[in-house]
Visitor: 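Provided herewith is a single structure, encoded as structure tokens, for subsequent inquiry.
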Protein chains: 2
Amino acid sequence: MPRNPTVSNDVLLDRLTHLFRMVGYESASMARIAAATGLEKSSLYHRFPNGKQQMALEVTERVGATFANVVLAPALQHETPVAKRVETIAANLREFYKEGTMPCLLEALSVEAVNESISANLRSAAEAWIGVFAAIGVEAGMPRRRARQCAQDAVANIEGALVLARVTGDTTAFERSLKSLPNQLTSHDDQRN
Amino acid sequence: MPRNPTVSNDVLLDRLTHLFRMVGYESASMARIAAATGLEKSSLYHRFPNGKQQMALEVTERVGATFANVVLAPALQHETPVAKRVETIAANLREFYKEGTMPCLLEALSVEAVNESISANLRSAAEAWIGVFAAIGVEAGMPRRRARQCAQDAVANIEGALVLARVTGDTTAFERSLKSLPNQLTSHDDQRN
DNA sequence: GTCTATACGACGATAGAC
DNA sequence: GTCTATCGTCGTATAGAC
């Protein structure tokens with residue numbers, strides 16, 4: 001019988017996700033993970049026989065799925081006007097990144113290249129994100145090639161603003177990156193060089 | 001007498017900088033540092049009595065200085081046309097980030113918040129960067145407030161593109177972020193929302 | 001100023017009781 | 001399924017010879 005009430009798989013992964021996003025992979029020691037999740041190390045190995053790497057792998061899988069199926073999902077509601085969908089996505093991103101105060105797994109885990117599976121998950125998530133943004137641009141009338149560039153730039157904008165927020169403590173650039181999303185993704189006149 | 005030819009302080013810091021930029025702080029173990037620098041661990045402690053933290057501290061100081069005094073220095077040549085200076089800075093950034101393939105210390109070290117001095121150095125470097133970009137905007141006729149926003153956005157663009165490059169392997173967004181610098185920093189018409 | 005050798009704590013991971 | 005207790009390794013850091 002567990003001394004402490006068992007932590008559900010969902011809550012467990014939530015807490016792991018939070019920790020990995022905040023401190024990355026190497027800084028998230030088993031001791032810190034145990035403290036953050038409320039489970040002892042050996043209990044964690046029972047759930048994740050392959051240890052930390054498996055935790056990070058499952059976290060990247062789950063976050064990738066959540067990001068696609070929740071945050072970016074409004075993109076698929078083709079009955080809703082494009083502008084409206086972009087606004088909804090912006091709101092979702094604001095929430096997902098906690099107004100710019102919570103780092104992205106892409107930044108947190110990409111520096112310390114843990115293993116190829118994790119890197120592949122991060123790459124897939126990033127490319128799915130860009131793909132969704134590009135599809136919006138195409139729908140709004142952009143040529144495919146330009147839509148893809150604008151999509152990349154919009155994602156880069158958001159990611160860079162998160163870096164800036166973490167380093168300087170100023171989240172205003174993040175807020176602007178969301179505010180300018182409609183223009184970046186659907187505008188007909190070229191905003192770039 | 002040293003068995004191996006002594007490594008100069010400059011070369012030593014160059015190699016430390018490279019390693020920290022590539023793998024971050026925690027992944028840069030003393031063993032890896034020894035391998036990367038060509039010095040044994042105890043020799044490294046002779047040069048950096050406070051160990052890894054001192055190495056990271058000196059690296060952030062030096063990179064901050066280099067960035068301000070070399071990469072961004074052309075901004076101060078007021079006899080040169082603004083457009084020309086921005087182009088020179090873009091070229092310097094391209095070189096500094098090796099066409100987008102070499103990470104920025106801001107990303108590499110900001111996730112694992114090592115200590116307050118290092119964080120302060122990163123913050124200073126980022127703010128100096130934004131300050132220089134903003135000054136260029138003001139010089140080009142932007143209102144102070146808007147120049148600062150454009151400067152932040154330009155930096156965020158570059159940083160985000162570097163994240164994207166590391167995750168997806170695609171450096172085209174990085175190249176675009178440099179190409180669009182002139183427009184971002186000196187353009188009179190508002191590119192943002 | 002660099003080396004070899006070593007101390008010692010923290011790390012990821014496992015064994016076995018309940 | 002969670003716990004306590006423990007293993008071996010690798011981490012940072014130091015001692016002392018040259």
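Proteins get letters first, then strands, A, B, ... in listed order; numbering begins at 1 in each.
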Visitor: dG1(D) P sits how many Å from F48(A) CZ, rounded?
Guide: 13 Å

Visitor: For dT2(C), does OP1 or OP2 lie under 4.0 Å from any side-chain N or O of R47(B)?
Guide: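 Yes, such a contact exists.
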
Visitor: Is it true that the NZ or CZ of R85(B) lies under 6.0 Å from the centre of F133(B)'s six-membered ring and within 45 degrees of the ring axis?
Guide: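 No.
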
Visitor: Taking 4.0 angstrom as the limit, do R21(A) and E107(A) come out as a salt bridge?
Guide: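 Judged by the 4.0 Å cut-off on N to carboxylate O distance, R21(A) and E107(A) do not form a salt bridge.
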
Visitor: I need the CD1-P distance between I33(A) and dA10(C), as an integer number of Å.
Guide: 17 Å

Visitor: What's the shortest heavy-atom distance between I33(A) and A28(A), and which atoms?
Guide: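 Closest approach of I33(A) to A28(A), heavy atoms only: CD1-O, 3.5 Å.
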
Visitor: Between P on dT4(D) and CG on L44(A), what's the gap in Å once rounded to a whole number?
Guide: 13 Å

Visitor: Within less than 4.0 Å of OP1 or OP2 of dT14(C), is there a side-chain N or O belonging to Y45(A)?
Guide: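 Negative; the distance criterion is not met.
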
Visitor: How many Å lie between CD on E112(A) and P on dG11(D), as a whole number?
Guide: 14 Å

Visitor: What's the CE-C1' distance between M30(A) and dG8(D), to the nearest Å?
Guide: 16 Å

Visitor: Mind telling me whether Y97(B) and F174(B) have parallel, tilted or perpendicular rings, with 30° and 60° as the class edges?
Guide: perpendicular

Visitor: Is the CD atom of Q53(A) crowded by more than 12 outside heavy atoms at less than 6.0 Å?
Guide: yes

Visitor: In chain order, what residues pass the side chain to side chain donor-acceptor pair (under 3.5 Å) check against R148(A), with sequence neighbours excluded?
Guide: none

Visitor: Between dT6(C) atom C1' and E40(B) atom CD, what is the distance in whole Å?
Guide: 14 Å

Visitor: May I have the distance from K52(A) (atom NZ) to dT9(D) (atom P), rounded to whole angstrom?
Guide: 19 Å

Visitor: I want to check one thing: is the phosphate of dG1(D), taken as OP1 and OP2, less than 4.0 Å away from some side-chain N or O of S43(A)?
Guide: no

Visitor: When you compare the protein's N or O atoms with those of nucleotides 5-7 of chain D, which come within less than 3.5 Å of each other, and at what distance?
Guide:
none

Visitor: Without decimals, in angstroms, what is the distance between H46(B) NE2 and dA17(D) C1'?
Guide: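 That distance rounds to 14 Å.
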
Visitor: Within the 4.5 Å heavy-atom criterion, are Q184(A) and S180(A) side-chain neighbours or not?
Guide: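 In contact.
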
Visitor: What's the closest nucleotide to the side chain of L39(B) if the choices are dT12(D), dC3(D), dC3(C)?
Guide: dC3(C)

